[in-house]
2 protein chains.
Amino acid sequence: MTFASHAFPRVLETSIFRIGLDDSDKAHLGSLGFILRRYPPHAVISRQGDGEDRIFVIHSGWSCISTDLADGERQILDFPQKGEFVASRAFEGEAPESFTAQTELMVFEAPAKAFVAGLAHSPSLAGVLLGAVARQRAILVQHLTNLGRRSALIRTAHLLLELGVRLEKANAAKKYGFECPLTQYDLADALGLTAIHVNRMLRELRERGYLEFRHGSVHFLNREGLEHFAEFDAGYLRLPGET
Amino acid sequence: MTFASHAFPRVLETSIFRIGLDDSDKAHLGSLGFILRRYPPHAVISRQGDGEDRIFVIHSGWSCISTDLADGERQILDFPQKGEFVASRAFEGEAPESFTAQTELMVFEAPAKAFVAGLAHSPSLAGVLLGAVARQRAILVQHLTNLGRRSALIRTAHLLLELGVRLEKANAAKKYGFECPLTQYDLADALGLTAIHVNRMLRELRERGYLEFRHGSVHFLNREGLEHFAEFDAGYLRLPGET
DNA sequence: ATCGGTTCTTAACTTAGATTAATGGCGGCC
DNA sequence: GGCCGCCATTAATCTAAGTTAAGAACCGAT
């Protein structure tokens with residue numbers, strides 16, 4: 001009994017894999033070789049172009065998945081949260097994305113090969129994985145829509161609302177908001193803006209009485225109003241099978 | 001022997017599913033109930049919010065996948081091409097995206113349930129599906145990066161280069177370019193720009209000697225130069241297993 | 001306690017892309 | 001043939017967001 005075999009089932013309870021698996025599936029998941037690892041802040045866990053063959057389940061801490069551009073800029077694709085899984089292109093081929101820790105980060109890791117091979121023995125696990133992949137896709141699609149067709153102000157609000165809901169689903173939010181160690185530069189790289197403009201947008205949201213983002217935590221002041229203003233509908237964050 | 005059972009194997013030869021399947025897998029695929037259907041231009045095949053349970057493989061024609069915004073605008077997510085598959089959220093739950101024909105469109109359709117159930121009996125098909133899903137994700141990720149961090153000019157070039165490569169892989173490109181029935185409004189909705197600005201960007205690309213887009217066809221004049229200018233690297237369009 | 005780095009904040013100015021408006025081409029249809 | 005609707009094209013103007021610059025607040029390290 002390693003540390004991992006203790007902690008892993010516990011994380012599953014609030015994870016993306018919590019729905020649709022019976023005990024034997026979960027036992028099976030536990031046998032796929034997930035081990036718990038720790039990365040320090042700013043550690044690059046996998047770099048764009050690597051031949052990557054691990055899959056990850058977040059245990060705690062913040063990280064980001066990003067593409068790196070030629071001129072040194074980056075586009076952040078997502079901030080995966082506790083219980084969510086990361087497998088940029090683990091299902092074969094080189095990783096077109098980087099995975100970087102932002103705070104101290106604890107993740108469960110397993111070799112992708114073992115994981116994929118394991119799917120053949122557990123149809124319900126395969127189904128749950130497809131559901132999780134579909135949810136990731138929906139998140140990416142909303143992000144893309146944000147960048148393409150929404151104003152900077154709404155875009156910023158939308159991202160913070162989304163993170164709020166995802167953290168709630170992972171039981172990692174507070175009643176009024178959530179802890180968020182992201183800098184305004186991080187937000188800018190996710191939102192396709194400059195950090196200066198993000199600062200303006202946060203001020204605007206504060207002045208309009210929607211939310212405060214100070215000292216590393218987001219505090220919703222008028223969440224319902226904000227959701228309406230940002231045309232935010234959390235439906236896309238629901239897991240298949242979740243009510 | 002229906003029409004479909006004739007045409008379907010033939011399309012597979014140039015499709016996303018061409019690699020990694022042996023004859024028995026292909027026979028299995030053929031038994032999943034794919035039928036060939038025709039949709040007229042502008043037909044809405046599935047609408048955002050539908051409980052959707054079909055999956056599609058494009059046979060011929062152009063279509064788009066999009067999200068519809070409250071104010072009547074839309075963000076086009078992708079233009080799926082011959083041999084590629086479409087299954088917005090078919091793996092359970094409601095479709096957060098619309099699927100619309102742009103020209104006359106021929107597609108193979110099958111019930112998602114039968115397809116997903118079939119995966120359990122064919123591990124290699126499941127693996128190939130995961131690969132196809134990973135490629136779709138990579139396309140989406142490039143699109144997102146385009147919107148977030150690239151200029152309108154490069155963004156436009158990048159999209160046209162991508163479509164060129166995808167059509168070549170489907171054996172549907174000409175030596176110097178490809179037929180493209182998209183309007184500048186369609187491009188605008190994909191690129192997060194206005195049609196007027198797309199027009200300016202196409203003129204600019206023409207004046208710089210990179211490409212011409214006239215009378216429904218894209219003609220590359222200096223493809224290598226353009227790929228360099230647009231930082232375009234087709235690696236992300238490769239299928240796992242493809243050389 | 002002081003220094004240096006990182007992050008936040010604000011103001012002044014510039015620019016890429018949106019908006020508005022107008023024109024011409026082209027194909028379908030009565 | 002002439003009308004109508006869609007699409008391409010261009011110019012003039014406006015605005016959201018970027019750029020540059022410069023402090024202030026905060027933090028850890030010496």
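Just so we're clear, the structure is a prediction, and the values are computed from it rather than from any experiment. Lettering of chains follows the sequences in order, A, B, ..., and the numbering in each one begins at 1.
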Sugar-phosphate only, base, or nothing, as touched by G192(A) at under 4.0 Å among non-hydrogen atoms: sugar-phosphate
Side-chain heavy-atom pair T67(A), E97(A) within 4.5 angstrom cut-off: yes
Beyond-backbone contact of L140(A) with Q136(A), side-chain heavy atoms, under 4.5 angstrom: no
In this structure, how many angstroms lie between the [atom2] atom of [N] and the [atom1] atom of [X], rounded?
X	N	atom1	atom2	result
L193(B)	dT15(C)	CG	C1'	15 Å
D186(A)	dT7(C)	CG	P	8 Å
R150(A)	dA16(D)	CZ	P	18 Å
M201(A)	dT9(C)	CE	P	13 Å
H197(B)	dT20(C)	NE2	C1'	16 Å

So that I can tick it off, tell me whether [Y] and [X] are bridged by a salt bridge, with the cut-off set at under 4.0 angstrom between side-chain N and carboxylate O.
X	Y	value
E204(B)	R208(B)	yes
R149(B)	E231(B)	no
D186(B)	R74(B)	yes

Contact letters for nucleotides 5-10 of chain D, in which S counts primed atoms plus P, OP1 and OP2 and B counts the base, heavy atoms under 4.0 Å: --SSBB
Summary of protein contacts for nucleotides 22-30 of chain D, nucleotide by nucleotide, where a base hit scores B, a sugar-phosphate-only hit scores S (4.0 Å, heavy atoms): ---------
Expected output: side-chain [X] to main-chain [Y] donor-acceptor under 3.5 Å:
X	Y	answer
H143(B)	L77(B)	yes
R135(B)	L237(B)	yes
Q81(B)	F79(B)	yes

Positions of residues 151-163 of chain A (non-hydrogen atom under 4.0 Å from DNA chain D), listed by number: S151(A), A152(A)
Side-chain donor-acceptor pair present, R200(B), H197(B), cut-off under 3.5 Å: yes
